[in-house]
Amino acid sequence: MASIKDVAAAAGVSVATVSRVLNGHPSVSAEARARVMGAVAELGYRPNAVARSLRTDQTHTLGLVISDVLNPYFTELARSVEEEARALGYSVIIGNADERPELQDHHVRNLLDRRIDGLLVSPTDGGSPLMLDAVRAGTPMVFVDRWIPGVEVPVVRADGRAAVRDLVAHLYRLGHRRLAIIAGPAATTTGSERVEAFRAALAEYGLLLPDAYIGQGDFQAESGRRVTEGFLDLPEPPEVVFAADNLMALGALDAVRARGLRVPDDLALAAFDDIAWFVHTDPPVTAIAQPTGELGRAAVRALVDRIEGRAPQSVTLPARLVVRRSCGEATPTPEITPPTQSPSPVQRSTS
């Protein structure tokens, strides 16, 4: 493999001149620049990125720590991050936290040790001391999808509250009154936010969310299966289960089918985080879609702005409801005006 000394010898210039040419320094003559670039092409020379990073204090590498690489939402997010980073001249190193705070911190520590220029994180909890220390130390960082409240870091995320209201209105028009939710971890902002958005939307229609209709999941499929089994065992099971992410929705589907039941005949199902193959399930799943690709690209742009000395702003994009057939949509229902009376005794139950 050719070295910078080989290039200098072939071009008839000093090593310092080769270095200035490769780093775009304006003091080199056009003739010398042409000789150097000709020698680079002839010898197939490739600059040592590690050595260059030591001189410039930049690696042109970003770190991305995602919550679960098996979750199609985060897989798509990672793809859009990598594509946008590459377009801006950066590489990406990805760490999978698997929804485990200790594994998240392991990846953050390793990425910082690799001298990345900046860090994108979807936090698995609300208080990693390591990330807080990195922020205080001035590490360029952007939170994507989730965030840590009170930490002064730009956040790029989707706002699903309007889409959740649209979902509840849709379910109400279909005649559903007993609505349950499989919640994500309360320690995550998305976990708590989606429950509160669901509760507030139900209240607009005079419906309450009984404790028995809130199942604690962890954004993974097994918890969706477990929680749905619990709902089905209730003396009065819900009519609809709203899973707060796509993997928990798949677990819910498994639980229903394991009992020989059908969606939506025996239990309707809706999900947060639409995924491409929801259209291929039987029936296709009604879901709330996030603008995942746009989120990934916006997060990279915000981080690069921070790295290059500009002041990035947080970005919030709207989610939207995608209606399919998992909630009984095949049967037309009349428009229904939200009631003004108090919830029924069944709706007030907290058992």
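Note that OG1 of Thr124 is 10.5 Å distant from NE2 of His107, once rounded to the nearest 0.5 Å. Note that the CG atom of Leu207 and the CG atom of Leu179 stand 7.0 Å from one another [nearest 0.5 Å]. Residue Leu250 holds its CG atom at 8.0 Å from OG1 of Thr281, rounded to the nearest 0.5 Å. Residue Gln104 holds its CD atom at 11.0 Å from CG of Asn96, rounded to the nearest 0.5 Å. For the atom pair CG of Leu111 and CZ of Arg109, the computed distance is 11.0 Å after rounding to the nearest 0.5 Å. Atom-to-atom distance recorded for Glu76:CD and Ile66:CD1 is 12.0 Å, nearest 0.5 angstrom.
Under the 4.5 Å side-chain criterion, counting only non-hydrogen atoms from C-beta, Glu229 is not in contact with Leu232. Between Pro154 and Pro312 the shortest side-chain heavy-atom distance falls below 4.5 Å. Inter-residue side-chain proximity for Met131 and Val108 is flagged as met; some heavy-atom pair is nearer than 4.5 Å. Two residues are said to be in side-chain contact when any heavy atoms from C-beta on lie closer than 4.5 Å; Leu62 and Ile93 fail this criterion. In this structure, Asp68 and Gln220 have side chains that are in contact, with non-hydrogen atoms separated by less than 4.5 Å. Between Ile288 and Val164, some side-chain heavy-atom pair lies under the 4.5 Å cut-off. Residues Leu247 and Pro72 form a side-chain contact, since some pair of their non-hydrogen atoms from C-beta on lies under 4.5 Å apart. Counting only heavy atoms from C-beta outward, the side chains of Pro283 and Pro264 approach each other to under 4.5 Å.
Applying the salt bridge (Lys or Arg N to Asp or Glu O under 4.0 Å) rule to Arg262 yields the partners Asp265; only residues at least two apart in sequence or on another chain are considered.
Annotation for Val195 and Ala183: closest pair CG2-CB, 3.3 Å, computed over non-hydrogen atoms. Pro291 and Pro318 make their closest contact through CD-O, 3.5 Å (heavy atoms, listed as atom of the first residue, atom of the second, distance). Taking all atoms of both residues into account, the shortest heavy-atom contact from Met141 to Ala134 is CE-CB, 3.9 Å. Taking each heavy atom of Val241 and Pro238 in turn, the nearest pair found is CG2-CG, 4.2 Å. Nearest heavy atoms, Val240 versus Leu267: N-CD1, 4.2 Å. Closest approach of Gly184 to Ala244, counting heavy atoms only: N-CB, 4.0 Å.
Leu317 and Leu321 are not part of a single hydrophobic cluster, where members link through side-chain heavy atoms under 4.5 Å apart. Placement of Leu167 and Ile214 within a single hydrophobic cluster is found when ILVMFWY residues are connected by side-chain heavy-atom separations under 4.5 Å, directly or transitively. Residues Met248 and Leu269 share a single hydrophobic cluster, defined by chaining ILVMFWY side chains whose heavy atoms lie under 4.5 Å apart. Linking Ile, Leu, Val, Met, Phe, Trp and Tyr whenever their side-chain heavy atoms come within less than 4.5 Å leaves Val69 and Leu119 in two separate clusters. Under the 4.5 Å side-chain heavy-atom criterion for Ile, Leu, Val, Met, Phe, Trp and Tyr, Leu112 and Leu120 are members of distinct hydrophobic clusters.
One N or O on the side chain of Thr228 and one on the backbone of Gly224 form a donor-acceptor pair closer than 3.5 Å. His170 places no side-chain N or O within 3.5 Å of a backbone atom of Cys327 that could act as its donor or acceptor partner. With hydrogens and angles ignored, the 3.5 Å screen pairs no side-chain donor or acceptor of Arg157 with any backbone N or O of Thr316. Formation of a donor-acceptor pair under 3.5 Å by the Ser122 side chain with backbone atoms of Ser67 is not found in this model. With Thr17 contributing its side chain and Val13 its backbone, the two residues share no donor-acceptor pair below 3.5 Å. No side-chain donor-acceptor contact under 3.5 Å links Thr61 to the backbone of Ile116. One N or O on the side chain of Asp117 and one on the backbone of Thr59 form a donor-acceptor pair closer than 3.5 Å. Thr286 places no side-chain N or O within 3.5 Å of a backbone atom of Val323 that could act as its donor or acceptor partner.
Every pair passing ring-ring contact (aromatic ring centres under 6.0 Å, His included) that includes a residue from residues 216-262 is listed here, sequence neighbours excluded: Phe198-Phe242. Sequence neighbours left out, the pairs with a member in residues 62-103 that pass ring-ring contact (aromatic ring centres under 6.0 Å, His included) are His60-Tyr90. Among pairs with a residue in residues 85-101, those fulfilling salt bridge (Lys or Arg N to Asp or Glu O under 4.0 Å) read Glu82-Arg86, Glu99-Arg146, Arg100-Glu102, at least two apart in sequence or across chains.
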*Yes or no on side chain to side chain contact (heavy atoms under 4.5 Å, CB included) for Trp147 and Val121, after CA distance, side-chain angles and deciding distance?*
CA-CA 8 Å; Trp147 64 99; Val121 186; over 6 Å; no
*Could you walk me through whether Arg161 and Asp159 pass the side chain to side chain contact (heavy atoms under 4.5 Å, CB included) check?*
CA-CA 6 Å; Arg161 288 173 295 183; Asp159 186 348; 2.8 Å; yes
_Determine whether Val142 and Val155 satisfy the following criterion, side chain to side chain contact (heavy atoms under 4.5 Å, CB included), listing intermediate values before the conclusion._
CA-CA 6 Å; Val142 170; Val155 179; over 6 Å; no
_Quick one, Phe143 with Val151, criterion side chain to side chain contact (heavy atoms under 4.5 Å, CB included). Give me CA distance, side-chain angles, the key distance, then yes/no._
CA-CA 10 Å; Phe143 292 143; Val151 178; 4.2 Å; yes
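Within 6.0 Å of CZ in Arg226 there are more than 12 heavy atoms belonging to other residues, nucleotides or ligands. Counting non-hydrogen atoms of neighbouring residues, nucleotides and ligands closer than 6.0 angstrom, the CD atom of Gln313 reaches no more than 12 such neighbours.
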I'd like a table of donor-acceptor pairs (distance under 3.5 Å, sequence neighbours excluded) in which one partner is a side-chain atom from residues 273-280, with atom names and distances.
from	atom 1	to	atom 2	distance (Å)
Asp273	OD1	Gln290	NE2	2.4
Asp274	OD1	Arg324	NH1	2.9
Asp274	OD1	Arg324	NH2	3.4
Asp274	OD2	Arg324	NH2	2.9

Just distance, no hydrogens or angles: give the donor-acceptor pairs under 3.5 Å from side chains in residues 294-307, sequence neighbours left out.
from	atom 1	to	atom 2	distance (Å)
Asp305	OD1	Arg310	NE	2.7
Asp305	OD1	Arg310	NH2	3.0
Arg306	NH2	Gly138	O	3.3

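Cation-pi contact between Arg177 and Tyr172: present, with separation from the ring centre below 6.0 Å and deviation from the ring axis of at most 45°.
Arg259 and Asp233 are joined by a salt bridge, as a carboxylate oxygen and a charged side-chain nitrogen come within less than 4.0 angstrom of each other. Here Arg173 does not pair with Glu329 in a salt bridge; the nearest charged N to carboxylate O distance is not below 4.0 Å.
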